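Single-structure report; data block below.
Lettering of chains follows the sequences in order, A, B, ..., and the numbering in each one begins at 1. Bear in mind the structure is a predicted one, so any value in this text is a computation, not a measurement.
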Amino acid sequence: MDVLNQVKTIVKQAITEAVTAAGIIDAAQMPEITLEVPKDKAHGDFATNVAMQLTRIAKQNPRQIAEQIIANLQKEKAYIASADIAGPGFINFKMNKVYLYPLIAEVAEQGSRYGAINVGQGLKVQVEFVSANPTGSLHLGHARGAAVGDALCNVLDLAGYDVSREYYINDAGNQVLNLAKSIEARYLQALGQDAEMPEDGYFGEDIKGFAAELAADKGDSLLSLSEEERRSYFRTYGLEKELDKIKRDLGRFGVQFDHWFSETSIYEDNLIPGVLQELRDNGHVYEEDGATWLNTTPLGDDKNRVLIKNDGSFTYLTPDIAYHRNKFERGYDRLINIWGADHHGYIPRMKAAMTALGFEADRLVVLIAQMVSLFQNGEKVKMSKRTGKAVTMEDLMDEVGVDPIRYFFTMRSMDSHLDFDMDLAVSQSNENPVFYVQYAHARICSIYRQAAEQGIEILPLEQVDLSRLTAEAEFDLLRKIGELPEEVAVAAEQYAPHRLIRYVYELASQFHSYYKGHYVITDDAALTQARLALLGALRTTLANVLRVVGVSAPERM
RNA sequence: GUCCCAGUAGCUCAGCAGGAUAGAGCAUACGCCUUCUAAGCGUACGGUCGGGGGUUCGAAUCCCUCCUGGGACGCCA
């Protein structure tokens, strides 16, 4: 258990003992004690509302109860310096700050794993995200999914889950035929022929590029193939090109998937008949109007869904059900899908399908990332699918760099529509929070460099007198550092990686303020060592959180 | 019409398994570089938490209802 939780446990124990010693209630009636860090520092290091919770059981008013608890509190052994009643009946604890010092050693020992907390207990979780169709370049929405998904995976990993990242490649449906037709049309155009783009074609610049390459490499030789052969050629060629591009973009973005799962493999491995049979056996399938339906309405969906169209082909849903069953069969305890807001209506039918297959619906968690709007020069940038005019993820990385994108896209709650301000992201000014946090890290590194230049040797922690850290700002920093494991736990449980951006920003802010008011390198050698030790823990903490959200931690700026 | 998300300071957003005087950044105004990076620090200004009901010791947070904005409602993927 981490240092802060140990202390909290001790304080809770002391409270429980005080309550029973005062004879307020029996130990058996004792509610779960919540000990929180008050928002307002004036309210002490910890606060509890236990006196208010006991009001009903003890039939006394909360302030009376609080008084009795305080009177019976064994303070010393729980590091409590003072306990006071406040407001409607809160008990505020001021702690003897020595409880904070062991944090520095804890961070040093855990290093890049500091912040880890085992709430996941090795539960096998698979996170499927991005999964953009291989029919065009990744755009802003995909970038958001990638940033949030990867950060979430890192958070879950730190929280003790066994995490696997997966990308589902939709390489089997109609859209791939459209891709082939689109490339064909662009190829013909590149050869100077008149060719119309298909109705549902893909108009992206990437496809023009691929077609132009082909025209340059192969000349008009592909024209001699039959239409079928040619389509097949364009299909394979297009998929390979698009997938390459996607992998390249995501790699550059710092996202590595463990599995790339191909929809085509579902057909190759013949997974669908078994799934259909199972759904039939479970009594969820019926025939109507020449089609085969899944009866999802009794399972929470608002209408039933077609599995096999009356032309004999599958809908998108059918292989997707097979895919999700396959995921469970691979042994994952929980599946997390991150989808764009435009797919939200798809959730009930997939959950219904899982229920129909006998899986608990709760084991499938679908997170929705809301839309992204791009602003440039103060105006919303219009995107058009029809003309292929869209800012791609690649464009964005070229223009603003990976760090600001990852920071900005992770910064907001997934539920929130996100306005991405290009001008702010590229600005190297105090308006830009990415640099603010990175700068804190760089500043600490700079202090270490400075110390080295002055010939100051960093002593091993055992030889450092941490009790020299007595400034309020130093206690604040330590407390904040100590909160990381709890932050990680909450971020993991709520699937809310944006909380860590908040956290790291606040930590950086506390440091900048401290930096202004306190010199680390002073004539007092022991104090210098103590402060360097504190900064060491701080630097590790900043770097760890930045790594979780996929932002670099530069040593100088 | 049904479903989902959002509505909190001038702007962008946190806070929402109920807790103390609702926070942050930006913007605005005014200060701070003679020792470790001013990509920094500090002070001030700024609010009917969309409206209205309810639940209770206590509601931005939970419930109901209405309004506004966005998205989804295919035998497309």
**Study point:** Separation between the C1' atoms of B:rA60 and B:rA6, rounded to whole Å
**Key:** 14 Å
Exercise for review: Look at the side-chain N and O atoms of A:K309 and state whether any lies under 4.0 Å from the OP1 or OP2 oxygen of B:rA77.
Suggested key: yes
Review point. Taking OP1 and OP2 of B:rA77, is either one under 4.0 Å from a side-chain nitrogen or oxygen of A:N170?
Key: no
Check your understanding: Does OP1 or OP2 of B:rG74 have a side-chain N or O of A:K303 closer than 4.0 Å?
Key -> yes
Revision key, fill the gap. Only one of A:F375, A:Y407, A:F409 passes ring pair (Phe, Tyr, Trp, His ring centres under 6.0 Å) with A:F420, and that residue is A:F409
Practice item. Round to the nearest Å and state the distance from A:F435 atom CZ to B:rC41 atom P. Key: 16 Å
Check your understanding: Of the nucleotides B:rA17, B:rA14, B:rC32, which has the atom closest to the A:K516 side chain?
Key -> B:rC32
Check your understanding: How far, in whole Å, is B:rA9 from B:rG74 if one measures between their C1' atoms?
Key -> 44 Å
Point to revise | Pair of N/O donor and acceptor under 3.5 Å linking B:rA20 base with A:N92 side chain | key: yes
Exercise for review: Measure the distance from NE2 on A:H344 to P on B:rG74 and round it to the nearest whole Å.
Suggested key: 12 Å
Review point. So which heavy atom on A:H441 is nearest to which on A:P554, and how close?
Key: ND1-O, 2.9 Å
Review point. Paired with B:rA22 by Watson-Crick or G-U wobble geometry, both distances under 3.5 Å: which nucleotide is it?
Key: none
Review point. Under 4.5 Å between any side-chain heavy atoms of A:L276 and A:T318, yes or no?
Key: yes
Review point. Taking only side-chain nitrogens and oxygens of A:S416, does any of them come within less than 4.0 Å of OP1 or OP2 of B:rA14?
Key: yes
Review point. For A:H518 and B:rC36, what is the distance between atoms NE2 and P respectively, to the nearest whole Å?
Key: 16 Å
Check your understanding: For atom CG of A:D311, is the number of surrounding heavy atoms from other residues, nucleotides or ligands below 6.0 Å larger than 12?
Key -> yes
Check your understanding: Counting only side-chain N and O atoms of A:S513, is one of them less than 4.0 Å from OP1 or OP2 of B:rG42?
Key -> yes
**Study point:** Spacing of A:I444 atom CD1 relative to B:rG40 atom C1', expressed in whole Å
**Key:** 13 Å
Check your understanding: Do any side-chain nitrogens or oxygens of A:Y436 fall under 4.0 Å of OP1 or OP2 in B:rC41?
Key -> yes
Check your understanding: Atom CG of A:N304 to atom C1' of B:rG74: distance rounded to whole Å?
Key -> 15 Å
Point to revise | Integer-rounded Å distance: B:rA14 P and A:Y505 OH | key: 15 Å
Practice item. Return the stacking result for B:rA20 and A:H43: yes when the ring centres lie under 5.5 Å apart and the planes under 30°, no otherwise. Key: yes
Check your understanding: Whole-Å distance between B:rC57 C1' and A:I65 CD1?
Key -> 12 Å
Review point. Should B:rC32 form a Watson-Crick or G-U wobble pair with both distances under 3.5 Å, which nucleotide is its partner?
Key: B:rG40
Point to revise | Parallel, tilted or perpendicular: rings of A:H518 and A:Y514 (30°, 60°) | key: parallel
Practice item. Identify which nucleotide among B:rA24, B:rC76, B:rA20 has an atom closest to any side-chain atom of A:R502, counting heavy atoms from C-beta outward. Key: B:rA24
Check your understanding: Using the rule for Phe, Tyr, His and the six-membered ring of Trp, do A:H417 and B:rG69 stack at under 5.5 Å and under 30°?
Key -> no
Check your understanding: What's the CZ-P distance between A:R305 and B:rC75, to the nearest Å?
Key -> 8 Å
Practice item. May I ask you to verify if any side-chain N or O of A:H498 is less than 4.0 angstrom from the OP1 or OP2 atom of B:rG15? Key: yes
Review point. Hey, is the side chain of A:D302 pairing donor to acceptor with the base of B:rC3 inside 3.5 Å?
Key: no
**Study point:** Distance below 4.0 Å between A:R531 side-chain N/O and B:rC36 OP1 or OP2
**Key:** no
Review point. Is any side-chain N or O of A:K39 closer than 4.0 Å to OP1 or OP2 of B:rG23?
Key: no
Practice item. Would you mind reporting whether A:Y323 and A:E128 have side-chain heavy atoms less than 4.5 Å apart? Key: yes
